[in-house]
Peer 1: 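Let me give you the structure first, and then I'll get to my questions.
Numbers here are sequence positions counted from 1. Everything numeric in this text was worked out from a predicted model, so none of it was measured.
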Amino acid sequence: MSSDHNGGEDRAEDRLRAAVESIGGHARSANRARADRLSEALAEVAAGSREEAARQEATEIAHQLVGSAGTFGFPGASQLAGEIERYFVEADLDDPVRLATARDQVRRLQEELAAEPDYQPEEDERDPTS
C-alpha cells in the first residue's frame, strides 16, 4: 500500500471518529436536557400536579433516556432512567416516599450524565498501534 492510501484511510478514520464524537456530544446534551425535564416534572408532582399529559410526557422522556444513555456509554444512567420510567408508569404520585426516591434517582441520573461515558472500544476496534 502506498503512503497516500494510508493517509487517506487515516483521514477517513479521523472524520468518522469526529462524526461519532459529534453525535455522542449531541446525545449527551439531549440526555442532560431530558434529565433536567424529569427533575422539573418531579418538582411539579411535588407541588401537587397530577396531569396525565405531564405524566405521559415524563414517561416518554425517561424511556428515551433508557435507550440513549445506554447506547452512548452510560449504563448506570440507563438503569436509573428505567427506574424513573417505572415510577411514572406504576407509582401512586401521592406517595411521598416513592417521590423522594424518584427525585434522588434523577439527581443521580444527572450526575451520571455529567461524567465521562463508560464506553470502551471492543478489542478489535482499538488502534493496534496503541
Peer 1: Could you tell me if the side chain of Asp118 sits less than 4.5 Å from the side chain of Pro75, heavy atoms only?
Peer 2: yes
Peer 1: One pair to check against side chain to side chain contact (heavy atoms under 4.5 Å, CB included): Arg107 and Arg103. What are the steps and the verdict?
Peer 2: CA-CA 6 Å; Arg107 180 191 53 76; Arg103 291 181 96 173; over 6 Å; no
Peer 1: Would one find more than 12 heavy atoms of other residues, nucleotides or ligands at under 6.0 Å from atom CD of Glu51?
Peer 2: no
Peer 1: What I'd like to find out is whether the side chain of Tyr87 reaches to under 4.5 Å of the side chain of Leu99, using heavy atoms alone.
Peer 2: yes
Peer 1: Quick one: CD on Glu40 to CD on Glu57, what's the gap to the nearest 0.5 Å?
Peer 2: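 Result: 9.0 Å between the selected atoms.
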Peer 1: For side chain to side chain contact (heavy atoms under 4.5 Å, CB included), just list the numbers for Phe72 and Ile23, CA-CA rounded to whole Å, side-chain angles, deciding distance to a tenth of an Å, and then say yes or no.
Peer 2: CA-CA 9 Å; Phe72 289 98; Ile23 292 167; 3.8 Å; yes
Peer 1: By side chain to side chain donor-acceptor pair (under 3.5 Å), which residues pair with Glu112, not counting sequence neighbours?
Peer 2: none
Peer 1: Measure across Ser78 and Gly70 and return the closest heavy-atom pair with its distance rounded to 0.1 Å.
Peer 2: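 Scanning both residues completely, I find the closest heavy atoms to be CB-N, 3.7 Å.
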Peer 1: Ignoring hydrogens and geometry, is there a side-chain-to-backbone donor-acceptor pair from Arg50 to Leu93 under 3.5 Å?
Peer 2: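 Between the backbone of Leu93 and the side chain of Arg50 there is a qualifying donor-acceptor contact (under 3.5 Å).
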Peer 1: Looking at every non-hydrogen atom in both residues, tell me the closest pair between Ala69 and Ala77 and how far apart they are.
Peer 2: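 Closest pair (atom of Ala69, atom of Ala77, distance): CB-CB, 4.0 Å.
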Peer 1: Before accepting this row, confirm whether a basic side-chain N of the pair Glu111/Arg108 lies closer than 4.0 Å to the acidic partner's carboxylate O.
Peer 2: no
Peer 1: Look only at the side chain of Ser39 and the backbone of Ala35, and say whether a donor-acceptor pair between them is shorter than 3.5 Å.
Peer 2: no
Peer 1: With distance as the sole test, does Thr71 use its side chain to make a donor-acceptor pair with the main-chain N or O of Gly67 at under 3.5 Å?
Peer 2: yes
Peer 1: Got a second to check how far Glu60's CD is from Glu85's CD, nearest 0.5 Å?
Peer 2: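 One gets 10.0 Å once the value is rounded to the nearest 0.5 Å.
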Peer 1: Output yes when a side-chain donor or acceptor of Ser22 lies under 3.5 Å from a complementary backbone atom of Ala18, and no otherwise.
Peer 2: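 Side chain of Ser22 to backbone of Ala18, a donor-acceptor pair under 3.5 Å: no, none is there.
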Peer 1: Are there over 12 heavy-atom neighbours, none belonging to Gln64, within less than 6.0 Å of that residue's CD?
Peer 2: yes
Peer 1: Supply the atom-to-atom distance Asp104 CG to Leu42 CG, rounded to the nearest 0.5 angstrom.
Peer 2: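 Answer for the CG-CG pair, Asp104 versus Leu42, is 11.0 Å.
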Peer 1: On a heavy-atom basis, which atom in Arg55 and which in Ala91 lie closest, and how many Å separate them?
Peer 2: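 Arg55 and Ala91 have their closest heavy atoms at NH2-O, 2.8 Å.
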Peer 1: Checking one residue: Val97. Which other hydrophobic residues are in its cluster under the side-chain 4.5 Å linking rule?
Peer 2: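 Members besides Val97: none; it forms no cluster.
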Peer 1: Regarding Asp14 and Arg11, does a basic nitrogen lie under 4.0 Å from an acidic carboxylate oxygen?
Peer 2: no
Peer 1: Considering only heavy atoms from C-beta outward, does the side chain of Ile84 approach that of Ile61 to under 4.5 Å?
Peer 2: no
Peer 1: Identify whether Val66 and Leu38 are in the same connected component of the hydrophobic contact network (ILVMFWY, side-chain heavy atoms under 4.5 Å).
Peer 2: no
Peer 1: To the closest 0.5 Å, what do you measure between CD (Gln79) and CD (Gln105)?
Peer 2: 9.5 Å
Peer 1: Using a distance-only test with no angle check, is there a side-chain donor-acceptor pair under 3.5 angstrom linking Asn31 and Arg28?
Peer 2: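 Per modelled atom types, Asn31 and Arg28 side chains form no pair under 3.5 Å.
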Peer 1: Mind checking the CZ-CG spacing from Phe74 to Leu109? Nearest 0.5 Å is all I need.
Peer 2: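 The CG atom of Leu109 is 10.5 Å from CZ of Phe74, to the nearest 0.5 Å.
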Peer 1: Could you state the interatomic distance from CG (Asp36) to CZ (Arg34), rounded to the nearest 0.5 Å?
Peer 2: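 Reported value, rounded in 0.5 Å steps: 12.0 Å.
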